[in-house]
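Numbering of ligands and ligand atoms starts at 1, following listing order.
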Amino acid sequence: MATIDERLVSKVVSEVLARLQAQNQAGANAPAASEARNPTAFGVYERMEDAAEAAHASFLKLRELGVNARKNAIQVIRKLCVQNAKEWGELEFAETKIGRLDHKIEKLKICGDLVPGVEMLNRTAYSGDFGLTLIDFAPWGVIGAITPSTHSVPTLTGNAINMIAAGNAVVYNTHPAAAKCAAVAIRAYNQAIFQATGISDLLTTVVKPTLDTFDAMCKHPKVKLLCVTGGPAVVAAAMKTGKRAICAGPGNPPVVVDETADLAKSAKCIIQGAAYDNNLLCIGEKEVFVVESVADQLIAELKQAGAVQLDSAQVEALADKAFVFPQGKGAGCPHPVVNRDLVGRDASVLAKAIGLDVPPATALLFGETKADHIFVDEEQMMPFIPIVRVPNVDVAIEEAIKAEHGYKHTAIMHSQNISNLTKMAQAVDTTLFIKNGPSMTGLGLGGEGFLSFSIATPTGEGVTTPMTFTRSRRCVMVESLNLY
Ligand code: NAD
């Protein structure tokens, strides 16, 4: 029997689909594509071409209405994502069946306060003997955004605030497994933005995103910039399009614990970060390198804080379930693929997969492995973390760098030794480096700073902001308008 959440997803999506069908029938004889588009679709279209055109028309209106309209639209998004956090968190959880409901709700609520707006646009002026030069930050127009299954509505919400603050409209190709909740949020945002500004399609998408709609979006002449949030395949695909792509790619964040760390606190932080939304976050702790002299104590603290230890046979049994080798182990392409049935599932579900019963409230499983173990190497996105003993902090840093694979994403260290912290910060060269806290502090959740769920790693923009989605323009007045 369908749960209430599933029925709600189906009901809202059926409404959208019914309206689209009616629109198609009504538009059968329509002469022009622009007229065939339903002006009350509020962002959800069947064809990518229509979604991109509608976003472009709304971009032009936003440009006409100015910065105040951007502020009003953002205000509406902030209000709605907090107001609807529970309902939309439940929708996303019901649709994707991954992660933890409480964290899905929290990820939406924090978008309201922590994602920056127009105040981030830093204009500059130079005044001197030759006159006045103004450097301003202009929108691109329509941005094509690709969002992940791991946090569909939070990512699209953060992107929407950042991109509208910079004066853009957005067309999304969302993850097919999280497209319904995305469509519901996009429609609600547009309806409320329309009430506040008269613009109906600042955020658009398609009912059924596919690789073909991705292609159509990337090729659309009115889509001027891409922003990709996802794994290696989509980053590679976006970079091949010939358009500028801001890529928020994969991570495999290592944790180093040295002999000076506060071990009780380190254990709590590792659990908090690695168990957050069942380790779906790209910034989430994925493997631990601990200095041998304190390894036993760290393990004791992890158990004390509620994590459940697997023995080596159980770790191997879980690895066998957690990864699949499409072409067979050791043959052809030996690269493993993570088993989607276990990604983002509860620790108790992982345990059950290997015939083990743990309390349902268990946040995290852990087990000791060697540094070259598959659980260390692969971005598993599951609430299991491998613990690797190393002789000293230098080896820990070296192994952490290997495990991070040069993604330049996130690394975490627990230490009270300033020299060790500095050494790792410099050597690991990641976009986020978190010291003595859980990973999410790097996005402003319990740490200073602002939030975005798109952390541009291979392309180097970092935690994205409104400035990320602007074009720098210079306007020069010669021999006038200077004030001296
Ligand atoms: P995914 O790569 O499977 O999907 C992400 C998006 O890319 C989806 O919209 C999907 O439909 C699309 N996609 C996938 N392959 C594609 C292809 N070949 N061509 C066109 N589109 C394609 O990832 P996911 O499981 O949804 O999310 C998890 C991944 O995303 C992890 O690797 C995680 O580290 C990464 N991620 C990174 C950030 C960041 O800010 N850097 C944030 C969230 C997730």
Exercise. What residues come within 4.0 Å of ligand 1, counting heavy atoms only?
Worked result: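 Residues within 4.0 Å of ligand 1: Ile146, Thr147, Pro148, Ser149, Thr150, His151, Asn173, Thr174, His175, Pro176, Leu211, Phe214, Thr229, Gly230, Gly231, Ala233, Val234, Ala237, Ala248, Gly249, Pro250, Gly251, Cys282, Arg340, Glu379, Met381, His409, Phe453, Ser454, Ile455.
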Problem set entry | Nearest non-hydrogen partners of Lys104 and Thr96, listed with the distance |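 Scanning both residues, the minimum pair turns out to be CE-OG1, 4.1 Å.
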For this session: Grab the two heavy atoms, one from Ile412 and one from Ser439, that are nearest each other, plus how far apart they are.
Result: CD1-CB, 4.2 Å
Problem set entry | Plane angle bin for His151 and Phe453 - parallel if under 30°, tilted between 30 and 60°, otherwise perpendicular | tilted
For this session: Any salt bridge (charged side-chain N to carboxylate O under 4.0 Å, His left out) involving residues 207-221? Give me the pairs, sequence neighbours left out, ordered by first then second residue.
Result: Asp215-Lys219
Problem set entry | Pairs where residues 442-462 contributes a residue and the test side-chain hydrogen bond (donor to acceptor under 3.5 Å, both in side chains) is met, not counting sequence neighbours |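 Of all non-adjacent pairs touching residues 442-462, those that pass side-chain hydrogen bond (donor to acceptor under 3.5 Å, both in side chains) are Asn159-Ser454, Thr229-Ser454, Arg244-Glu461, Ser452-Thr464, Thr459-Glu461.
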Tabulate below the donor-acceptor pairs under 3.5 Å that side-chain atoms of residues 364-374 make, not counting sequence neighbours, or state none.
residue: Glu368; atom: OE1; partner: Arg389; partner atom: NE; Å: 2.7
residue: Glu368; atom: OE2; partner: Arg389; partner atom: NH2; Å: 3.1
residue: His373; atom: ND1; partner: Phe375; partner atom: N; Å: 3.0
residue: His373; atom: NE2; partner: Glu316; partner atom: OE1; Å: 3.4
residue: His373; atom: NE2; partner: Glu316; partner atom: OE2; Å: 2.9

